[in-house]
Amino acid sequence: MLHPSLRPYYWPLKLLGAVLSTKWGLRLGASLARYSAGANIDGLHCAERHIPSRHNGPDIRLRIFSPVNRGGVLPAMLYLHGGGYAMGCPEWDLPMIKRFIQERPCVVIAPDYRSSFAAPYPAACDDAYDSLLWLRDHAETLGALSEKFIVAGQSAGGGLAAAVTLKARDTGDATVAFQIPMYPMIDDLQSTIGMQNNNAPGWTAKATAIAWNLYLRGLGAPCLHVPPYAAPARNVDFTGLPPAISFVGDLDPLADETIDYMRSLSETGTQVAFKVFTGGFHSFESLCPKAAISQQATKFLLACYSEFVDEIFGAPAVGSGAR
């Protein structure tokens with residue numbers, strides 16, 4: 001069932017999926033993330049800040065990335081890393097952050113939000129939202145536009161991107177120009193057909209179940225009331241949300257919830273750019289970036305991103321270093 005270009009990666013990623021389908025495997029991933037902290041992106045201005053929590057949490061470690069030679073004030077992006085809410089750090093997603101900045105110059109802030117091992121929901125969501133508000137308040141200092149922002153993320157980071165976007169709509173605290181929730185982890189019920197017994201490479205239905213239990217454990221068991229900021233698939237009102245870009249592999253356990261989310265947005269008249277890639281598993285474009293299907297997905301993502309930036313913020317001037 002795999003796309004031919006992904007078949008050479010099958011066994012290593014099956015092993016990865018088996019490891020992550022255990023609580024100790026997720027904990028190992030969370031422990032290993034600290035060794036990536038502080039890594040930079042060649043050719044970009046890279047900085048680190050610790051910003052205060054607005055929710056009585058610890059200070060939030062924040063990575064800031066921007067072009068070295070910028071042409072004036074730039075759009076700003078809040079980027080949220082993946083990892084099942086349980087593991088990861090901003091530095092795990094440096095290749096994707098670099099691609100966004102190279103495609104259309106922007107200022108990217110990426111918080112090292114608390115993992116579910118450190119604290120369950122709402123810790124990660126609070127850290128992500130606090131980072132958006134910090135960006136709003138410090139955009140001018142960063143050389144970024146302050147009126148509206150891009151919110152993006154992969155997997156659990158895509159779930160947080162959807163949650164932050166939803167909360168910003170509800171509160172009016174900040175304006176999200178458009179959202180990029182890539183194959184987002186948003187449905188705690190895990191009841192879709194594609195989720196059932198999904199043992200695809202890299203990330204499985206079992207891993208998803210363990211990750212949701214860790215993230216939502218603070219709500220009690222069973223979770224009788226899960227707010228949409230914890231699991232955006234629980235949202236019932238999709239009006240007034242900003243345009244969205246996403247993609248997903250059809251073998252991904254999160255495929256159906258991604259499709260449902262994008263369909264719900266589209267049905268309200270929201271502008272949506274979305275594609276399902278046949279034979280792709282979870283995070284295939286990041287795990288196997290040289291595969292043909294991965295290059296197709298990345299090309300689609302960046303083309304849509306460029307189109308949205310040009311439409312909303314204005315096309316870059318010739319010679320601005322956008323590409």
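Keep in mind that the numbers below use all heavy atoms, side chains included, and drop hydrogens, waters and symmetry copies.
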Identify whether the distance between the nearest side-chain nitrogen and carboxylate oxygen of Asp170 and Lys167 falls below 4.0 Å.
no
Cationic N near anionic O, under 4.0 Å, Arg104 to Asp310
yes
Give a yes or no answer on whether the side chain of [X] reaches the backbone of [Y] with a donor-acceptor pair at less than 3.5 Å.
X: Arg217; Y: Ser116; result: yes
X: Ser264; Y: Asp260; result: yes
X: Asn235; Y: Pro228; result: no
X: Ser294; Y: Lys290; result: no
X: Arg63; Y: Ala39; result: yes
X: Gln271; Y: Pro243; result: no
X: Gln179; Y: Thr165; result: no
X: Asn198; Y: Leu251; result: yes
X: Arg61; Y: Ala37; result: no
X: Glu91; Y: Gly38; result: yes

To the nearest 0.5 Å, tell me how far [X] [atom1] sits from [Y] [atom2].
X: Ile150; Y: Phe100; atom1: CD1; atom2: CZ; value: 8.5 Å
X: Leu80; Y: Ser131; atom1: CG; atom2: OG; value: 7.5 Å
X: Met96; Y: Leu301; atom1: CE; atom2: CG; value: 5.5 Å
X: Cys125; Y: Asp130; atom1: SG; atom2: CG; value: 9.5 Å
X: His55; Y: Asp127; atom1: NE2; atom2: CG; value: 9.0 Å

Working note: Ser246 + Tyr261, criterion side chain to side chain donor-acceptor pair (under 3.5 Å); need CA distance, chi angles, decisive distance, verdict.
CA-CA 10 Å; Ser246 188; Tyr261 180 71; over 6 Å; no
Counterpart residues, ring-ring contact (aromatic ring centres under 6.0 Å, His included), relative to Phe117 (two or more places apart)
none
Can the ring centroids of Tyr183 and Phe247 be said to lie less than 6.0 angstrom from one another?
yes
Please find the pair of heavy atoms, one from [X] and one from [Y], that lie closest to each other, and give the distance.
X: Ala230; Y: Val226; answer: CB-CG1, 4.0 Å
X: Ile109; Y: Leu135; answer: CD1-CB, 3.5 Å
X: Ala30; Y: Ala86; answer: CB-O, 3.4 Å
X: Gly84; Y: Trp203; answer: CA-CH2, 4.0 Å

For a quick check under 3.5 Å, do Glu285 and Thr298 share a side-chain donor-acceptor pair by atom type?
no
Decide yes or no for [X] and [Y]: does some side-chain heavy atom of the first lie under 4.5 Å from some side-chain heavy atom of the second?
X: Phe281; Y: Lys14; result: no
X: Thr204; Y: Leu20; result: no
X: Tyr79; Y: Phe65; result: no
X: Pro181; Y: Thr258; result: no
X: Leu219; Y: Pro120; result: no
X: Leu74; Y: Pro67; result: yes

Using the rule given for side chain to side chain donor-acceptor pair (under 3.5 Å), can you reason through Gln190 versus Thr208, listing the C-alpha separation, both sets of side-chain angles and the distance that settles it, and then say yes or no?
CA-CA 8 Å; Gln190 306 157 68; Thr208 306; 5.7 Å; no
For Lys23, does the NZ atom have more than 12 heavy-atom neighbours from other residues, nucleotides or ligands under 6.0 Å away?
no
Verify same cluster id: [X], [Y] (apolar side-chain graph, 4.5 Å):
X: Met195; Y: Ile193; value: no
X: Trp11; Y: Leu16; value: yes
X: Tyr35; Y: Trp24; value: yes

